[in-house]
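Here the structure is a predicted model, which is why all the values come from computation and not from measurement. We number each residue from 1, following the sequence as shown.
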Amino acid sequence: MHFTTLLQTLLACGLVLACALYWAGRLFPALARKGWHQTGSLLRWLHAPAAMSRYATRRAAPRSAGGCGGCSGCRGETCSTDRKAVR
């Protein structure tokens, strides 16, 4: 009985932590990039598989602000950098 309660508590806390990290990364992208950079450094230090450290390094790279942000301004049509061409 107590093991099940402990397992459920750990699962719930893990889920809440994962959601908090996700939203912190969405709300504070600079902080998320710094966290991914540190994660990549830690993975290299621990001699983790190269694919894992490459993924973390790729996530740490700043992204351009261009592209479709899901605003539905194009109403499902192809998005372009020239908004006049879409209309």
Under 3.5 Å, sequence neighbours excluded: what are the donor-acceptor pairs made by side chains of residues 15-36?
none

Legend entry - Pairing residues for T57 by the side chain to side chain contact (heavy atoms under 4.5 Å, CB included) criterion, not counting sequence neighbours: R44
Legend entry - L43 to A56 - nearest heavy-atom pair and separation: CD1-CB, 4.3 Å
